[in-house]
Amino acid sequence: MSRTLYISDLDGTLLSSDSRVTDASAAMINTAIREGALFSIATARTPSTVAPIMSAIHSTLPYIVMTGAAFWEPSTGLFDHTVTIPPSEAEKILNIFIRQSLPVFIYCFRDGIIQVYHYGPLSPLEREFMTGRESRFKHFNISASGESEIPSPLPPVLLFYSIQPAEKGRPAYEEIKATCDCNPLFYHDIYGDEIAVLEAFAPEATKAKGIKRLRRATGAGRIVAFGDNVNDIPMLHEADVAVAVENAIPEVKDMADIVIGPNTEDSVARFILTDYRLSSHEI
């Protein structure tokens with residue numbers, strides 16, 4: 001029997017307003033998994049925060065983390081698959097950040113864990129971002145001043161991550177997009193309207209490619225994906241059923257097949273359990 005694979009974004013989608021999986025959501029998703037549903041996530045987060053957030057979910061599938069730059073196995077704590085930026089392109093991207101004096105976190109993969117470096121002084125927001133994110137999966141090589149001694153040559157780079165005022169980050173995004181062979185993203189996330197996230201990944205590192213890989217691995221005949229923001233759009237296009245939460249940005253809701261309730265009402269988990277039972281009955 002063909003099975004459905006449900007894949008959800010985290011922030012603004014599956015997670016509540018306080019960035020957690022509620023007890024109600026965990027119970028509904030675990031019930032669906034016990035009854036035979038396949039469940040995973042596709043998130044911009046790293047395992048350092050994914051592990052505690054998802055600890056109550058009993059999925060046996062790998063998670064797509066860092067927007068598709070890696071797969072991570074919650075059962076073993078190991079990275080299953082990583083996609084790094086070609087070295088010459090990583091150097092070009094770093095030089096753009098340096099030339100434009102735009103602080104950036106540099107996520108590298110070495111010795112089986114994520115090694116994080118930083119260019120430029122740390123802002124209060126960046127210091128807050130680092131709080132609680134050091135773990136056995138990720139190490140910050142950042143001094144008290146915020147500056148790192150960046151290795152030369154760079155270790156394999158998974159992504160560049162900058163959280164800065166939008167007007168400061170946009171010129172770097174436009175230059176990276178125009179001159180570098182990578183997958184750049186520029187969007188507002190959970191930090192407010194004045195702050196934008198600028199990310200740069202390898203061209204192959206996308207949530208869409210991640211769910212295609214999971215489809216092959218599981219043999220799923222149908223994918224239902226849930227999202228709310230710009231970095232979810234390629235994944236939603238790849239899914240058989242694209243679901244937007246009510247609080248999603250207009251572009252996501254416009255292209256979705258279904259719009260459900262907001263992330264604050266356990267809407268994703270409720271849809272998964274209901275849809276799985278209905279689709280299983282139909283089969």
Side-chain angles (χ1 to χ4, degrees), residues 9-15 17-19 42-46 48-50 65-69 85 89-90 92-107 114 116-133 140 142 146-148 157-203 205-208 227-236 244-245 247-255 262-263:
D9 171 56
L10 287 184
D11 292 281
T13 305
L14 177 63
L15 302 188
S17 57
D18 56 356
S19 297
T43 177
R45 289 177 177 265
T46 72
S48 296
T49 55
V50 167
V65 296
M66 292 178 281
T67 316
I85 301 171
E89 295 303 310
K92 284 171 59 178
I93 295 168
L94 176 59
N95 287 333
I96 290 172
F97 282 104
I98 292 173
R99 188 168 60 253
Q100 298 208 18
S101 298
L102 185 68
V104 63
F105 291 103
I106 308 156
Y107 286 65
I114 300 168
V116 185
Y117 302 90
H118 187 263
Y119 163 73
L122 280 171
S123 69
L125 176 59
E126 288 173 314
R127 290 186 186 277
E128 181 182 350
F129 170 80
M130 289 173 57
T131 302
R133 281 178 161 84
F140 286 97
I142 300 174
E147 293 281 4
S148 292
V157 177
L158 292 163
L159 75 140
F160 293 88
Y161 182 85
S162 179
I163 42 176
Q164 297 292 326
E167 71 276 5
K168 188 174 181 182
R170 183 171 292 280
Y173 165 71
E174 297 293 350
E175 184 174 355
I176 291 169
K177 183 179 178 181
T179 64
C180 299
D181 182 20
C182 68
N183 173 27
L185 295 171
F186 187 72
Y187 60 97
H188 295 283
D189 198 16
I190 59 175
Y191 306 110
D193 293 339
E194 294 182 1
I195 301 296
V197 175
L198 167 54
E199 298 173 311
F201 304 87
T206 66
K207 291 184 179 183
D228 75 305
N229 213 328
V230 106
N231 62 347
D232 299 317
I233 290 175
M235 171 178 75
L236 295 174
V245 285
N247 52 285
I249 63 172
E251 296 94 319
V252 171
K253 290 198 284 188
D254 287 346
M255 58 81 58
N263 66 311

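Checked by atom type and distance alone, the side chain of Asn263 never pairs as donor or acceptor with a backbone atom of Asn247 at under 3.5 Å. In this structure a side-chain-to-backbone donor-acceptor pair under 3.5 Å is present from Lys207 to Ala42. Proximity of a side-chain donor or acceptor of Ser162 to a complementary backbone N or O of Val104 within less than 3.5 Å is not detected. At distances below 3.5 Å, not a single donor-acceptor pair connects side-chain atoms of Asn95 with backbone N or O atoms of Lys92.
Considering CZ of Phe140 and CZ of Arg133, their distance stands at 7.0 Å, rounded to 0.5 Å. Between the CE atom in Met255 and the CG atom in Leu236 there is a gap of 5.0 Å [rounded to 0.5 Å]. In this structure, Asp9 CG and Thr43 OG1 are separated by 6.0 Å, a value rounded to the nearest 0.5 Å. Note that CG of Leu159 and CD1 of Ile106 are 10.0 Å apart. Values are rounded to the nearest 0.5 Å. Considering CD1 of Ile176 and CG of Asp181, their distance stands at 13.0 Å, rounded to 0.5 Å. Taken from CD1 in Ile93 to CZ in Phe201, the straight-line distance is 10.5 Å, to the nearest 0.5 Å.
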Step-by-step side-chain contact (heavy atoms from CB on, under 4.5 Å) determination, Ile249 to Tyr187: CA-CA 11 Å; Ile249 63 172; Tyr187 60 97; over 6 Å; no
Verdict with reasoning, Leu10 to Thr49, per side-chain contact (heavy atoms from CB on, under 4.5 Å): CA-CA 11 Å; Leu10 287 184; Thr49 55; over 6 Å; no
Candidate pair Asp228 and Val252, rule side-chain contact (heavy atoms from CB on, under 4.5 Å), full reasoning: CA-CA 6 Å; Asp228 75 305; Val252 171; 5.6 Å; no
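Annotation for Pro103 and Glu126: closest pair CB-OE2, 3.8 Å, computed over non-hydrogen atoms. Between Gly146 and Ile142, the shortest heavy-atom distance links the atoms O-CG2, 3.5 Å. The shortest heavy-atom contact between Gln100 and Pro171 is OE1-CB, 3.4 Å. When all heavy atoms are compared, the tightest approach of Glu199 to Ala44 is OE2-CB, 4.1 Å. The two residues Ala166 and His188 make their nearest non-hydrogen contact at CB-CE1, 4.0 Å. Across Ala172 and Leu102, no two heavy atoms sit closer than the pair CB-CD2, 3.6 Å.
In the displayed structure, Asp193 atom CG is contacted under 6.0 Å by at most 12 heavy atoms of other residues, nucleotides or ligands. Within a 6.0 Å sphere centred on CD of Glu128, heavy atoms belonging to other residues, nucleotides or ligands number 12 at most.
Between Phe105 and Tyr161, the two ring planes are tilted [angle within 30° to 60°].
Proximity of Met235 to Asp232: side-chain heavy atoms (C-beta onward) are separated by under 4.5 Å at one or more points. Using a 4.5 Å heavy-atom threshold, the side chains of Met130 and Val116 count as separate.
One finds a salt bridge joining Asp11 and Arg45 here, because a Lys/Arg side-chain nitrogen approaches an Asp/Glu carboxylate oxygen to under 4.0 Å. The pair Glu174-Lys177 does not meet the salt-bridge criterion, since no charged nitrogen lies less than 4.0 angstrom from a carboxylate oxygen.
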